Asks: 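One structure is given below, represented as structure tokens, and several questions about it will come after.
In this chain, numbering begins with 1 at the start of the sequence shown. Both counts, for ligands and for their atoms, begin at 1 and track the order of listing. Small disclaimer: the values here were computed from a predicted structure and weren't measured.
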Amino acid sequence: MNKELMTKRISENLEHLKNFTATPNKGCTRLPFTKEARQAANYLKTLMQEAGLEVKEDEAGNVFGFLRGTDPSLPCVMMGSHFDSVVNGGDYDGIAGVICAIEVARQIKEKNIIPKRTFVTAAFCDEEGMRFGTGYFGSGAILGNRTPEYCRTFTDKDDITIYDAMKEYGLDPEKIENAKWKDNSIGYFLEAHIEQGPVLDAEKIEVGLVDCIVGIDRYMVTVHGRSDHAGTTPMNMRLDAVDAATKVIYKIADWARETNDGSVATVGYIKTIPGGMNIVAEACEFTVDIRSRNVKNLEDISAKLHDALEREVGAMGGSFDIQNKLAITPVHLHKPMLNMMEEICKKHNFSYRYMHSGAGHDALEIGQVVPTAMLFVPSKDGRSHCMVEHTEYSDFAKAALIMTELAEQLITN
Ligand code: HGY
Ligand code: MN
Ligand code: MN
């Protein structure tokens, strides 16, 4: 395999994809079911077609490329990641894994490998959950975990439901369940991704072999109080939603620290309503994102959140709503494939280490039911979900090379 050619093609593709953002010069903002998503999906279809793949967009808005195997009865080997992003995010999170998958397909063709199992490149439409606060929409849909009711439930900040956003994008949410793949039709799932953390870069290691991905519980909390004049309303007569909410928020990070096992909890979004500096807030919204390799910690921190809300909002005299936007358990990835990737790294003298992922991925959703392998390449200074996110294109070529040799073993057996 010609690593220089692979690096060149990967860089050309990712450089072109940088055009498809709603915030030019301010990072990548490519939210699901938007103009930018459509532009990226169309470009990915072209690349898959040029690679000689049969292309399909499914009822969820995912894009797939098929390199048909000689034995269609065998479960396929799927490789991919997501083509959506966070707001003002980086240029490589997710999308680089899609391009690596397409490069693997090119390599399979150029090496004249005749696959027994079909090889499928996958571009999932909404892994981040950034627009609707959820997550793993596209990868969840192929497992049958998304319904029209689900699409009606969740809204974005403009109160647009997933359902209406899909219709606007040209999809029929009533047909979302048709996106489900037949049980046992996916034999293996592979994902290449940037680490999004500091470990590989700090330790100058080329490849991360991911053995475990954290579980995630995500909530949107709304505390309801009463709006009043900020100057004339005595402190003992207020139903101050912000006062109660912050008495809960300030505890959340410590609940994670107290686990002492790397669990994390984040309040990434807070909004006061109506948001006037001289108005006692009527309501306060905030998100909670809890992650751990230990399910019990997810449960404990969620329980502490509910108890604190009961206590503090009760004392204020208001009420609260809490919507569970995502609940997914940790996943341990497929040891035999990890061993195969380790052997490939040794063969090519790539330095590597086993590591867990603190970020969720489509591999977290699909790995719940399908043997899954994931590898990381270094993120410069460990930065991600921001416009300074950077990884060398030659590192993606290494990822594609490793995944090509792994895929070759899987699709020919
Ligand atoms: O939030 C995450 O961990 C991932 O980037 N979706
Ligand atoms: Mn991300
Ligand atoms: Mn990602």
Asks: What atoms of ligand 1 come closer than 4.0 angstrom to any heavy atom of E128?
Replies: 4 (C), 5 (O), 6 (N)
Asks: Which atom, counting only N, O or S, brings E128 closest to the Mn ion (ligand 2)?
Replies: OE2
Asks: Taking both backbone and side chain into account, is any N, O or S atom of H193 nearer than 2.8 Å to the Mn ion (ligand 3)?
Replies: yes
Asks: When you compare the side chains of S302 and D217, does any donor N or O come within less than 3.5 Å of an acceptor on the partner?
Replies: yes
Asks: Any salt bridge linking E15 with K18? Criterion: basic side-chain nitrogen under 4.0 Å from a carboxylate oxygen.
Replies: yes
Asks: Look at K296 together with D300 and state whether they make a salt bridge at an N to O cut-off of under 4.0 Å.
Replies: yes
Asks: Where is the nearest protein heavy atom to atom 5 (O) of ligand 1: which residue, which atom, and how far?
Replies: H385 NE2, 2.9 Å
Asks: In D93, what N, O or S atom is nearest to the Mn ion (ligand 2), if we give its atom name?
Replies: OD2
Asks: For the Mn ion (ligand 3), find the closest N/O/S atom on H82 and give its atom name.
Replies: NE2
Asks: Yes or no: does M130 have any heavy atom under 4.0 Å from an atom of ligand 1?
Replies: no
Asks: Could an N or O of ligand 1 be found under 3.5 Å from any N or O of A359, whether backbone or side chain?
Replies: no
Asks: Could you list the atoms of ligand 1 found under 4.0 angstrom from a heavy atom of R218?
Replies: 1 (O)
Asks: So, the side chain of T372 versus the backbone of A363: is there a donor-acceptor pair under 3.5 Å, distance only?
Replies: no
Asks: Between the side chains of N297 and S263, does any donor sit under 3.5 Å from an acceptor?
Replies: yes
Asks: Could you tell me whether R152 and E149 have a side-chain N and a carboxylate O separated by less than 4.0 Å?
Replies: yes
Asks: State plainly whether the residues D172 and K175 are in salt-bridge range, i.e. N to O under 4.0 Å.
Replies: yes
Asks: Identify the protein heavy atom lying closest to atom 3 (O) of ligand 1, giving its residue, its atom name and the separation to 0.1 Å.
Replies: R291 NH1, 2.5 Å
